[in-house]
Amino acid sequence: MGDYVDFDMTTKDGDRVAGLCQARHDNAAVPPVWMMYVAVQSLQDALAQVALYGGDVVAERHGVFAIVRDPAGAHLALWEQRA
């Protein structure tokens, strides 16, 4: 991966479906796990639910993406789908 390059797998139409990233910079707090991404209508509403049920926000980027951790320590990515 050279000095620092993330890797994305895409469909033939260019839609990102998977990726691999290094635990550096913005990803330093993310554990080395396979992470599921869940599409949400409103990231802020989803983050409010995370907090309500005892989870934590590990990272939030650009107002449309966040990595969260549940009370048991499992990680999940939330991605706001904008039209």
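The structure displayed is predicted, hence computed values, not measured ones.
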List the atom of [X], the atom of [Y], and the distance in Å for their closest heavy-atom pair.
| X | Y | result |
| --- | --- | --- |
| Y53 | P71 | O-CG, 3.4 Å |
| Q41 | E80 | O-CG, 3.5 Å |
| R61 | I67 | NH1-CD1, 4.2 Å |

Close side-chain approach of D70 and L76, heavy atoms under 4.5 Å: no

Do Y37 and V33 belong to the same hydrophobic cluster, where Ile, Leu, Val, Met, Phe, Trp and Tyr are linked whenever their side-chain heavy atoms lie under 4.5 Å apart, directly or via other members? yes

Shared hydrophobic cluster for L52 and V68 (ILVMFWY, side-chain gaps under 4.5 Å): no

Please list all pairs passing the salt bridge (charged side-chain N to carboxylate O under 4.0 Å, His left out) test where one or both residues lie in residues 46-56, with sequence neighbours left out. D56-R69

For residues 37-48, which residue pairs qualify under salt bridge (charged side-chain N to carboxylate O under 4.0 Å, His left out), counting only residues two or more places apart or in two chains? none

Taken in chain and number order and not counting sequence neighbours, the residues that satisfy side-chain contact (heavy atoms from CB on, under 4.5 Å) with E60 are L43, Q44, L47, V57, A66

Describe, in one word, how the ring planes of W79 and F65 are oriented to each other, choosing from parallel (under 30°), tilted (30 to 60°) and perpendicular (over 60°). perpendicular

